[in-house]
Amino acid sequence: MSSYSKLIDEKWQKIWEDTRLYKFNKNNVDKKLYCLEMFSYPSAAKLHVGHWYNYGPSDSWARFKKMQGYEVFQPMGFDAFGLPAENYAIKTGVHPQDSTLKNIENMEEQLHKMGGMVDWNYELVTCKPEYYKWTQWVFLMLYKKGLAYRKEAPVNWCPSCNTVLANEQVVEGACERCGTEVLKKNLTQWFLKITDYADELLEGLDNLDWPEKTKMMQRNWIGKSTGAEVEFNVYDSDIKFKVFTTRADTLYGVTYVVLAPENKIVDMITKDEYKEEVTKYQEAAKKQTEIERLSSVKEKTGVFTGAYAINPINSEKVPIWIGDYVLATYGTGCVMAVPAHDERDFAFATKYNLPIKRVVKGYTGENDDLPFVKNGISVNSSEFSGLSSEDAKSKIVEKLSSIDKGDFKTNYRLRDWLVSRQRYWGAPIPIIHCDKCGIVPVPEEDLPISLPYNVEFTPDGKSPLAKCDEFINTTCPKCGGPAKRDPDTLDTFVCSSWYFLRFPDNKNSKKAFDTDWINQMLPVDKYIGGAEHACMHLLYARFVTKALRDMGYLNFDEPFLSLVHQGTILGPDGNKMSKSKGNAISPDDYISQYGADVFRLYLMFGFSFIEGGAWSDDGIKAIDRFLDRIDRIVDRLQELKKASTSSKKVGTAENELNYIKNFAIKHITEDTEKFQFNTSIARMMELLNALYKYDQDIEEKNIELFEDTIATLVTILAPFAPHFSEEMWQKLGYKYSVFNVCWPKYDPSALIKDVVELGIQINGKIKAKINIPSDMENSDIEKFVLKSEKIEPLLQGKTVKKVIVIKGRLVNIVL
RNA sequence: GCGCCAGUGACGGAAUUGGCAUACGUAUACGAUUCAGGGUCGUAGUUCUGCGGGUUCGACUCCCGCCUGGCGCACCA
């Protein structure tokens, strides 16, 4: 049995706290390293494996960096506003504030038990007025900069949560949280103009040390598309409309146009005899759920409006249809249909017997059956016939531009960020609505707009705050007349879009943060958290950072220079852990049985950090054994020191041990840097095995080397098993704390072996292994190998065509 | 449907500027132990990288096609 247990954890946690070992020293800001893990939602349940898997390994990385001499800033906080607490309140009657604060207390205690290197003086909690005051300030700044605006929009409405959802929170037409089908509803909502930054958000990705996959997701999400806008006139009318297209080269092939059913001009152009049909279709489209509307397998439908449009390039008259496969929210809400060269238009035209006109042919020999959607050579396109699709695109747009009927245009899939929620548990939007003065921002000095405690928040589709008289009624700061506060609260992603700026200056009561100080402390050097935030939180945080930079509050462009996503730990059965499946692993049970370090080590050793994988109980026992073995070798050293004197000999065995020690230092340093904790720990195990071997094989030991190697092992282990390593360090009789020791450096000369073993291949197949002095020349190696007793017989009667010698690795003999 | 990533012993996983495949651990077997069980210590094996082809002296690694799994996007004009 190991002497390590959770008692050791408690002992060192107390000592660390008493000695303030993890106090962040502001004077060393020149050596700062901001290591941030995504803060967590204070849930009622205990810390789950996911929390440990995020915070444990990240903490080890941070400790590793501290030992390398960095002044590590690793804060901890809580993303404390949001729906779960409110839903819980609706169900149980416990006020969100009460449950949230209690949960935070719980989680703080549990996080302490993990043994993280956290300076808790920098803690922040987003639902406390001293934090959300500044969330409101950020909103006001965005408003003043013209980046926050209100508009009526068809929004995603979850009838179960009774709230508006952002596009990102709708998954396959259903509410991300509760799975209920999402409906459309028209409401006046607050938006943040993230689209103003679309291009910079896209281009900035190139220089970030982020997982390629995540960058790709953001690129897709932003969805930059370059093309042209083309203006069509409605026949017999003054009405004009624009379409967006990426295939201006197919303009001669337009045989009809389609408007989204929601498009405003539909009612203006529809001929009387088609009104009934069109209205019916619009109603039906409105009733459709997102699922039906967006399903790509669904057959395309539409109705004719009776109106015609004039193609600006050839003055052809084409019918105007409406169809729900055209999205009101993308481009201009209208498309020009080229059935010959677009699959959707082709399907639609076939169904409704609309003409199909080829204007592109394939290159010689290419199959160009319709619909032919690739680039080719323009045909039937007047003076543009014969041009390549690429050339025709630009030439046609240039012509349109010259007659003022179109121009090059870039579109984005990214939409503005909808931030208002008809919910209680969030930061109130600091805006006042006055009948006389309209929208009036709350003056900065009046912040925070406090969230009242006694509010009826049962959902009925209205903002709970609207029903709270003492909150909603106020006076207009401009005219002094009676006015109402904005009844909505901010999306919690607003809270988390700037929290990393607040951490280093969390106690500042005068400003959200001090610009000079934050410019020194940021950007975050290493950001660690789940991949599920790739398109929301990470994009919003980048946007807010850029906006604040443009207002002069920051001098850097990107908040997170380097990003790592941890994988997911699955249940022992390989499925996602869940209570209902009964495959959840409770960290607490393991902590009390084995101690925090065993649990943390197992999480680092048993998986590739970014991959994750299925839990296994056997793995944790292996780690327990590993620590036990270290404990025993430390005891063994004490014994040896008492019993015998050290030999000064440095022979083969000593060189070998020294080699493995330096090999371990080198690789652990490199691997830990890259979050490859599993291989780092494997190298420690090898080093430990070498120590056991040395102890067993060698009678007269070089105890100094033996001790030095053990000390190195404990030092290297410290970031991974902090409590245990402190205990061992103390047992070895060294001065507190092991975390004040410098991370060891390896001696390159110790890694050069006198003799190396080369693999000998004949025609690429390994036939033998031969020891060769490492300084032997290639030509000598060749001679030596060919004459060696293992190889020579194999070459009898054969001609050696070629010998390839790869120094230090292998020799390949080609026959 | 499109895009990206992955597929390695019984298992978790290592090794990709092409160079001794399976480090480390688990499980298994055998041996040792003042060895009941358990623990501890030591030793051992796992014809070979999803499938088929190609390039090469040499391919887990590069190229082409396919299969399987995961993730993302999904009428974006």
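Sequence lines set the chain letters: A, B, ... in the order given, protein chains first and strands last, and positions in each chain run from 1. Any value given below was found using the heavy atoms of this structure, including those in side chains, with hydrogens, waters and symmetry copies removed.
B/rC24 and B/rU8: their C1' atoms are spaced 15 Å apart (whole Å). On the C1' atoms, B/rG19 is 30 Å away from B/rU26, given to the nearest whole Å. On the C1' atoms, B/rG45 is 9 Å away from B/rA29, given to the nearest whole Å. Spacing of P atoms, B/rG70 relative to B/rC62, comes out at 24 Å, to the nearest Å. Taking the P atom of each, B/rG9 and B/rC60 are spaced 14 Å apart, rounded to whole Å. Rounded to whole Å, the separation between the P atoms of B/rG52 and B/rU22 comes to 22 Å. Between B/rA23 and B/rG18, the distance separating the two P atoms is 24 Å to the nearest Å. Only the P atoms considered, B/rU55 is 15 Å distant from B/rU61, to the nearest whole Å.
Counting any heavy atom pair closer than 4.0 Å across all strands shown, A/F626 reaches no nucleic acid atom. No engagement by A/G331 is indicated, since no non-hydrogen atom pair under 4.0 Å with the nucleic acid exists. Contacts of A/E343 with the nucleic acid, taken as non-hydrogen atoms under 4.0 Å apart, are absent. If you check every strand for non-hydrogen atoms under 4.0 Å, A/N689 touches sugar and phosphate atoms only. Nucleic acid contact class of A/S616 (heavy atoms, under 4.0 Å, all strands): none. A/G612 comes within 4.0 angstrom of sugar-phosphate atoms only, judged by non-hydrogen atoms across all strands, and of no base. Within the 4.0 angstrom heavy-atom criterion, base atoms lie near A/V335. A/M216 comes within 4.0 angstrom of nothing in the nucleic acid, heavy atoms only.
Of the nucleotides present, B/rG3 is the one that pairs with B/rC71 by Watson-Crick or G-U wobble criteria, both distances under 3.5 Å. Base pairing analysis places B/rU26 opposite B/rA10; the two distances defining the Watson-Crick or G-U wobble pair are each below 3.5 Å. Across all strands shown, the partner of B/rG65 is B/rC51, judged by Watson-Crick or G-U wobble contacts whose two distances both fall under 3.5 Å. B/rU17: no Watson-Crick or G-U partner with both key distances under 3.5 Å is found in any strand. Searching all strands for a Watson-Crick or G-U wobble partner of B/rA32 with both distances below 3.5 Å returns B/rU40.
Distances were taken from every side-chain heavy atom of A/S225 (C-beta onward) to each of B/rC20, B/rG25, B/rA77; the shortest belongs to B/rA77. Side-chain atoms of A/Q761 lie closest to B/rG19 of the nucleotides B/rC24, B/rG19, B/rG72. The side chain of A/T679 sits closest to B/rA23 out of B/rA77, B/rC73, B/rA23. The side chain of A/R413 has B/rC73 as its nearest neighbour among B/rG25, B/rG13, B/rC73. Nearest nucleotide to the side chain of A/Q696, out of B/rG42, B/rC73, B/rA77: B/rG42. The listed nucleotides are B/rG13, B/rC24, B/rC73; the one nearest the side chain of A/R683 is B/rC24.
In terms of position along RNA chain B, the nucleotide closest to A/I623 lies nearer the 5' end than the nucleotide closest to the other residue of the pair A/I623 and A/R629. The residue among A/I766 and A/S608 whose nearest nucleotide of RNA chain B is located toward the 5' end is A/S608.
In this structure, B/rG54 is classed as anti because its glycosidic torsion departs from zero by more than 90°.
OP1 or OP2 of B/rG3 has not a single side-chain nitrogen or oxygen of A/R219 nearer than 4.0 Å. Phosphate contact (OP1/OP2 of B/rA77, side-chain N/O of A/Y325, threshold under 4.0 Å): absent. Regarding contacts with the backbone of B/rA77, every side-chain N or O of A/T332 stays at 4.0 angstrom or more from both OP1 and OP2. One finds no side-chain N or O of A/R809 lying less than 4.0 angstrom from the OP1 or OP2 phosphate oxygen of B/rG58. Within the structure, a side-chain polar atom (N or O) of A/N678 is placed less than 4.0 Å from OP1 or OP2 of B/rA14. The phosphate of B/rC41 has OP1 or OP2 within less than 4.0 Å of a side-chain N or O from A/R632. Checking the phosphate oxygens (OP1, OP2) of B/rA15, a side-chain nitrogen or oxygen of A/Q676 falls inside 4.0 Å.
Note: CE (A/M685) to P (B/rG12) measures 17 Å, nearest angstrom. B/rC20 atom P lies 14 Å from atom CD1 of A/I804, rounded to whole Å. If you take NE2 of A/H565 and C1' of B/rC5, they are 13 Å apart, rounded to a whole angstrom. For A/I762 and B/rC57, the CD1 to C1' distance is 13 Å, given to the nearest whole Å. Distance CG (A/D617) to P (B/rU26): 14 Å, rounded to an integer number of Å. If you take CG of A/L259 and C1' of B/rC75, they are 16 Å apart, rounded to a whole angstrom. The nearest whole Å value for the distance from the CD1 atom in A/I620 to the P atom in B/rA27 is 14 Å. Across the protein-nucleic acid pair, A/I222 atom CD1 and B/rC73 atom P stand 14 Å apart, rounded to whole Å.
Side chains of A/D617 and A/Y602: a donor-acceptor N/O pair is absent below 3.5 angstrom, by distance only. Residues A/T195 and A/D416 bring a donor and an acceptor atom of their side chains to less than 3.5 Å of each other. No side-chain donor from either of A/N220 and A/R413 sits under 3.5 Å from a side-chain acceptor of the other.
Other residues, nucleotides and ligands contribute at most 12 non-hydrogen atoms within 6.0 Å of the NZ atom of A/K242. Taking a 6.0 Å sphere around CG of A/D754, one finds it holds 12 or fewer heavy atoms contributed by other residues, nucleotides or ligands. Atom NZ of A/K240 has 12 or fewer neighbouring heavy atoms from other residues, nucleotides or ligands inside a 6.0 Å radius. Dense packing is recorded around NZ of A/K351, with more than 12 heavy atoms of other residues, nucleotides or ligands lying under 6.0 Å away. Counting non-hydrogen atoms of neighbouring residues, nucleotides and ligands closer than 6.0 angstrom, the CD atom of A/E670 exceeds 12 such neighbours.
The cationic group of A/R600 does not satisfy the cation-pi geometry with A/W52, failing either the under 6.0 Å distance to the six-membered ring centre or the 45° limit from the ring axis.
In this structure, OH in A/Y252 is found 6.0 Å from CD1 in A/I396, a value given to the nearest 0.5 Å.
In the interface, the side chain of A/K213 is not paired with the base of B/rC5 through any donor and acceptor atom under 3.5 Å apart. Looking at A/K802, its side chain has no donor and acceptor atom pair within 3.5 Å of the base of B/rC57. A donor-acceptor contact under 3.5 Å is formed by the side chain of A/N812 with the base of B/rC57.
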